[in-house]
2 protein chains.
Amino acid sequence: MDNLPVLLRSYGIQPTLQRLAVAEGVLGMDSHPSADQVLARIRERYPTISRATVYNTLNLFVKKRLLRTQNLRDGTVLFDPNAGPHHHFVDEETGEVLDVAWDAIRVAGLESLDGLEVSEFQVVMRGRRRSRN
Amino acid sequence: MDNLPVLLRSYGIQPTLQRLAVAEGVLGMDSHPSADQVLARIRERYPTISRATVYNTLNLFVKKRLLRTQNLRDGTVLFDPNAGPHHHFVDEETGEVLDVAWDAIRVAGLESLDGLEVSEFQVVMRGRRRSRN
DNA sequence: ATCGCTACTTAGACTACGTCCAAATTCGCT
DNA sequence: AGCGAATTTGGACGTAGTCTAAGTAGCGAT
Ligand SMILES: [Mn+2]
Ligand SMILES: [Mn+2]
Ligand SMILES: [Zn+2]
Ligand SMILES: [Zn+2]
């Protein structure tokens with residue numbers, strides 16, 4: 001979060017003003033926003049940014065591997081600032097998406113799948129957040 | 001596949017002509033079609049069916065738990081005739097979705113997730129189909 | 001058979017998400 | 001400053017999905 005221009009350059013991204021705004025928006029967000037959530041947030045501070053630019057920039061960030069996309073919800077792609085391997089929990093009441101640490105879960109048996117070369121995987125969980133007493 | 005009216009009734013679904021056509025289409029398909037793929041297929045035999053009816057019917061089947069939906073692809077929901085628990089493999093070249101048997105994979109550690117009550121889960125794998133020599 | 005009620009189907013309008021385009025602006029370099 | 005490349009922009013466009021209001025079919029009671 002500190003030096004965004006340096007971060008963007010380290011991913012091969014020219015840090016323009018708009019891109020910095022998108023980076024600040026998407027990285028400093030309750031995780032897994034949709035493009036339009038990012039757009040709305042950025043426009044609070046930068047009301048003139050265009051929708052096309054936000055979509056272009058998010059897609060650029062994905063291509064450069066600063067972000068990932070996730071298909072965890074009907075109808076819209078979510079952008080994930082956590083580009084490393086991890087799992088996901090979806091709260092079925094609120095739709096909220098939570099990260100689950102890679103090491104918290106063990107998955108066995110992928111090697112023996114006949115005919116399938118798995119290059120990546122994740123566990124997708126659905127349920128409710130347990131009430132804390 | 002045998003007696004579709006009886007099958008539909010057993011799920012609490014009134015078997016109309018249109019619903020039988022949708023059931024025949026979606027159940028007898030290379031798995032995981034989108035709504036519009038189902039529509040196209042049904043119209044080969046039943047050219048007058050409306051798009052709204054296909055969407056209505058698929059959503060009804062999901063509500064009655066004859067089908068499930070899966071979010072495995074950008075931009076469109078896939079309908080899954082396999083309503084029981086299983087995992088998925090997505091071929092990143094073709095987009096093809098394959099079922100992976102529940103027992104082929106072991107997942108451990110879900111119990112110890114703090115604050116999360118997991119009611120269902122699946123492993124989502126991406127990769128390529130291994131070339132058969 | 002007719003009535004009346006409910007369930008279902010239908011075409012088309014409409015919304016939401018995302019991409020594309022062509023013009024305008026900005027950037028990086030000499 | 002001047003030039004070509006990269007970026008941004010508004011708006012048109014495409015597509016998946018829902019909604020609405022009217023039409024149709026089914027069904028039980030009289
Ligand atoms: Mn959105
Ligand atoms: Mn479709
Ligand atoms: Zn995540
Ligand atoms: Zn499946």
Side-chain angles (χ1 to χ4, degrees), chain A residues 4-5 8-9 11-26 29 32-43 45-64 66-80 95 97, chain B residues 4-5 8-9 11-26 29 32-43 45-64 66-80 95 97:
Chain A
L4 280 178
L8 293 194
R9 274 192 228 279
Y11 280 85
I13 301 162
Q14 278 291 344
T16 66
L17 197 57
Q18 289 87 345
R19 288 171 178 173
L20 289 168
V22 173
E24 188 190 350
V26 72
M29 201 142 187
H32 311 97
S34 71
D36 286 329
Q37 284 176 304
V38 174
L39 175 62
R41 169 155 174 161
I42 293 171
R43 280 195 169 157
R45 295 199 169 204
Y46 192 150
T48 64
I49 199 169
S50 104
R51 208 166 72 102
T53 297
V54 172
Y55 274 89
N56 287 344
T57 301
L58 290 171
N59 289 337
L60 175 68
F61 286 3
V62 171
K63 193 174 69 175
K64 296 295 192 176
L66 172 59
L67 298 178
R68 294 205 35 177
T69 58
Q70 300 287 350
N71 295 130
L72 296 166
R73 185 178 292 172
D74 280 8
T76 191
V77 169
L78 302 184
F79 291 87
D80 193 339
V97 175
Chain B
L4 280 179
L8 293 194
R9 274 193 228 279
Y11 280 85
I13 301 163
Q14 277 292 343
T16 66
L17 197 57
Q18 289 86 344
R19 287 170 178 176
L20 289 168
V22 173
E24 189 190 349
V26 72
M29 200 140 188
H32 311 97
S34 70
D36 286 329
Q37 285 176 304
V38 174
L39 174 62
R41 170 157 172 158
I42 293 172
R43 280 196 169 157
R45 295 200 168 202
Y46 193 149
T48 64
I49 199 170
S50 101
R51 208 167 74 102
T53 298
V54 172
Y55 274 89
N56 287 344
T57 302
L58 290 170
N59 289 337
L60 174 69
F61 286 2
V62 170
K63 192 174 70 177
K64 295 297 192 177
L66 173 59
L67 297 177
R68 295 205 34 176
T69 57
Q70 300 287 349
N71 295 130
L72 295 167
R73 187 178 290 173
D74 280 7
T76 191
V77 170
L78 302 184
F79 291 88
D80 194 339
V97 174

Do the side-chain N or O atoms of B:Asn59 get closer than 4.0 angstrom to the phosphate oxygens (OP1, OP2) of D:dG17?
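Checking D:dG17 against B:Asn59, no side-chain N or O comes under 4.0 Å of OP1 or OP2.
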
Looking at D:dG17, I'd like to know if its phosphate oxygens (OP1 or OP2) sit under 4.0 Å from a side-chain N or O belonging to B:Tyr55.
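For B:Tyr55, the contact criterion (side-chain N or O under 4.0 Å from OP1 or OP2 of D:dG17) is met.
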
B:Val22 and side chain to side chain contact (heavy atoms under 4.5 Å, CB included): which partner among B:Leu17, B:Ile49, B:Thr53?
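The single option meeting the side chain to side chain contact (heavy atoms under 4.5 Å, CB included) with B:Val22 is B:Ile49.
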
Could you check A:Val54 against A:Leu58 for side chain to side chain contact (heavy atoms under 4.5 Å, CB included), going step by step and ending with a plain yes or no?
CA-CA 6 Å; A:Val54 172; A:Leu58 290 171; 3.9 Å; yes

So which pairs with a foot in residues 48-58 of chain B pass salt bridge (charged side-chain N to carboxylate O under 4.0 Å, His left out), sequence neighbours left out?
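Residue pairs passing salt bridge (charged side-chain N to carboxylate O under 4.0 Å, His left out), neighbours aside: B:Asp36-B:Arg51.
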
State whether the side chain of A:Arg73 and the backbone N or O of A:Gly95 hold a donor-acceptor pair below 3.5 Å, judged by distance alone.
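Checking the backbone N and O of A:Gly95 against the side chain of A:Arg73, a donor-acceptor pair under 3.5 Å is found.
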
CG-CG distance between B:Asn59 and B:Leu67, expressed to the nearest 0.5 angstrom:
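Going from the CG atom of B:Asn59 to the CG atom of B:Leu67 covers 10.0 Å.
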
Restricting to side chain to side chain contact (heavy atoms under 4.5 Å, CB included), what partner residues turn up for [X], sequence neighbours left out?
X       : value
A:Thr16 : A:Gln18, A:Arg19
A:Arg9  : A:Gln14, A:Pro15
B:Asp74 : A:Asn71, A:Val77

Taking five pairs at each end of the helix from C:dA1-D:dT30 to C:dT30-D:dA1, what angle separates the two helix axes (nearest 10°)?
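Axis angle across the helix from C:dA1-D:dT30 to C:dT30-D:dA1, nearest 10°: 20°.
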
In whole angstroms, how far is the C1' atom of D:dT18 from the NZ atom of B:Lys63?
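It works out to 15 Å between those atoms.
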
Rounded to the nearest angstrom, tell me the gap between atom CG in B:Leu39 and atom P in D:dT15.
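Nearest whole value for this atom pair: 14 Å.
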
Which pairs, protein N/O on one side and nucleotides 7-12 of chain C N/O on the other, fall under 3.5 Å?
unit_1	atom_1	unit_2	atom_2	d
C:dC8	OP1	B:Arg19	NH1	2.9
C:dC8	O5'	B:Arg19	NH2	3.4
C:dT9	OP1	B:Thr16	OG1	2.4
C:dT9	OP1	B:Gln18	OE1	3.0
C:dT9	O3'	B:Gln18	NE2	3.0
C:dT10	OP2	B:Ser50	N	3.4
C:dT10	OP2	B:Thr53	OG1	2.8

